[in-house]
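Order of the sequence lines fixes the chain letters, A, B, ..., with proteins taken first and strands second; residue numbering starts at 1 for each chain.
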There are 2 protein chains.
Amino acid sequence: MPSERTVERLSLYRHLLSRALTEGAAHVHSHQLAGMAGATAAQVRHDVMSIGYSGTPTQGYEVEKLIESIGEFLDTPLSRNIALMGVGNLGRAILSDFAVRRPTLKIVAAFDVEPDRVNRVIHGCRCHSLEELQQIIWTQQIAIAIIAVPASEAQPIADTLCEAGICGMLNFAPVRLQVPQGVFVDDVNITIALEKVSYFAGRKALDRGRIG
Amino acid sequence: MPSERTVERLSLYRHLLSRALTEGAAHVHSHQLAGMAGATAAQVRHDVMSIGYSGTPTQGYEVEKLIESIGEFLDTPLSRNIALMGVGNLGRAILSDFAVRRPTLKIVAAFDVEPDRVNRVIHGCRCHSLEELQQIIWTQQIAIAIIAVPASEAQPIADTLCEAGICGMLNFAPVRLQVPQGVFVDDVNITIALEKVSYFAGRKALDRGRIG
DNA sequence: TAGATTGTTAATCGATTAACAATC
DNA sequence: TAGATTGTTAATCGATTAACAATC
């Protein structure tokens, strides 16, 4: 079982390699990929080894083959259909900015409680009422959900999703979701990320003697 | 120097404790806070110890005092004023959902290149043109920036920000930013987060025998 | 061939966990 | 007092880094 960091890096490698491929790069060395990804060459070699792909000492890694190997490793037999819960400002931003980027991950349905959002098509995605949730999750084979609802509604929504059989959630609400053992949850907390930046930026500025 | 994880958890503790305080809680035990934060009691004790606050065996931690201690530790002498770069869908979502939550962190200015956004007030925040950047960063004493521009514009924007003396950035663009030594950058990559959820959710589903 | 890069093992580093005396 | 919880040290765990023979 690879670590979360390794999975994150592999995902990033694939993204970078796809772009390198369109620019005509046929081979990359570990330190080149490391430079692009903000990792070390040793990490790249470790990550690549862990997915069972091998390069050659002189040429390095074949870009096309490596992309393929990462895909075989990362892409699970799970359906790649995603549900978006909440079509407020954040939900709409996710729909417009991130829905199209990866063909392997696709937001196929959105849900909201606001009557003026339900039954509308927003950024190319139809918004449904919560009553339709279970049926749509089943018929569309949705395995993953994005939680972009206010904090107070996040837990009830998560409960409904778990009952409907969802396998994983990406949670933007600043709440720790209680879910059954078999469900994977990852949190993106923008406020905490900002506080972290503020803290370490402040420490660095102090070290530089810029302030304090 | 505390780890990034410790800083993230401390930020979360403060958030949770503030809410507990308004609900009338005067004291918490390590395992209670751990339960709320999705951490272990040992982690809570370790984190609290590292900021120099002490509880008592019978009562646990005083909520009000602990919040204060976390603040003294996390809140740097750095100005808490933030600039938002890019007022597209994501930028607007950040303005509306996260700007008001923490009084210690405040988005005081937004910037965009689109003429129809410049000089407008969006979600209570004035949007400026990039020409005004340096002057506003200086006069408003802005130390932190949020990068919510398209990938292709992220690096030039980051360069300008570094020249203007910014200390830290929270980057939403799917690019690894090149910055000088003294600048702290943290990345939020929603696509990678989704791929991670998909991978681990798939693994869990396999283990449960739900698929495969 | 010579040299850079690979796969792979061992060493290091740091965070988490366990353990336990001190204490309210 | 008895008992749960604390601060603190030691043990564990896992990831990163270093090292190096194999190899194209």
| note | Of R45(A) and P57(A), the one whose nearest nucleotide on DNA chain D sits closer to the 5' end is R45(A)
| Under 3.5 Å: donor-acceptor pair, side chain of S18(B), backbone of R14(B) | yes
| task | Give the nucleotide from the list dT16(D), dT5(D), dT17(C) with an atom nearest to the side chain of R5(A). | result | dT16(D)
| message | Counting only side-chain heavy atoms from C-beta out, which of dG7(C), dA15(D), dT5(D) sits nearest to S3(A)? | response | dA15(D)
| task | Quickly work out the R9(B) CZ to dT16(C) P distance and round it to whole Å. | result | 5 Å
| query | Between dT16(D), dC24(C), dT5(D), which nucleotide gets closest to the side-chain atoms of H29(B)? | reply | dT5(D)
| Over how many whole Å does the gap from E62(A) atom CD to dT6(C) atom C1' extend? | 15 Å
| Parallel, tilted or perpendicular: ring planes of F111(A) versus H128(A), cut at 30 and 60 degrees | tilted
| Between D47(A) (CG) and dT16(D) (P), how many Å, whole number? | 8 Å
| task | In whole angstrom, give the distance that lies between atom NE2 of H46(B) and atom P of dT5(D). | result | 21 Å
| task | Look at D97(A) together with R92(A) and state whether they make a salt bridge at an N to O cut-off of under 4.0 Å. | result | no
| For atom CD of Q43(A) and atom C1' of dG7(C), their distance in whole Å | 17 Å
| task | Send over the distance from L33(B) CG to dG7(D) P, rounded to a whole Å. | result | 12 Å
| Under-4.0 Å salt bridge between D75(A) and R80(A) | yes
| Counter-base of dA19(D), judged by Watson-Crick or G-U geometry with both distances under 3.5 Å | dT8(C)
| field | Base-pairing assignment for dC13(C) (Watson-Crick or G-U wobble, both under 3.5 Å) | value | dG14(D)
| Hey, is CD on Q141(B) packed in by over 12 heavy atoms from elsewhere, all under 6.0 Å? | no
| field | Whole-Å distance separating the CD atom of Q59(A) from the C1' atom of dT5(C) | value | 11 Å
| query | Hey, does S54(A) reach any base, or is it just sugar-phosphate, or nothing, if we go heavy atoms under 4.0 Å? | reply | sugar-phosphate
| If you find the nucleotide of DNA chain C closest to G55(A) and the one closest to T58(A), which residue's nucleotide is nearer the 5' end? | T58(A)
| query | Taking a pair as Watson-Crick or G-U wobble with both distances under 3.5 Å, which nucleotide is matched to dC24(D)? | reply | dG3(C)
| query | With a 4.0 Å cut-off on heavy atoms, is T6(A) in touch with a base, just the backbone sugar-phosphate, or nothing at all? | reply | nothing
| query | Atom NE2 of H31(B) to atom C1' of dA4(D): distance rounded to whole Å? | reply | 8 Å
| Phosphate contact (dG7(D) OP1 or OP2) by Y61(B) side-chain N/O below 4.0 Å | yes
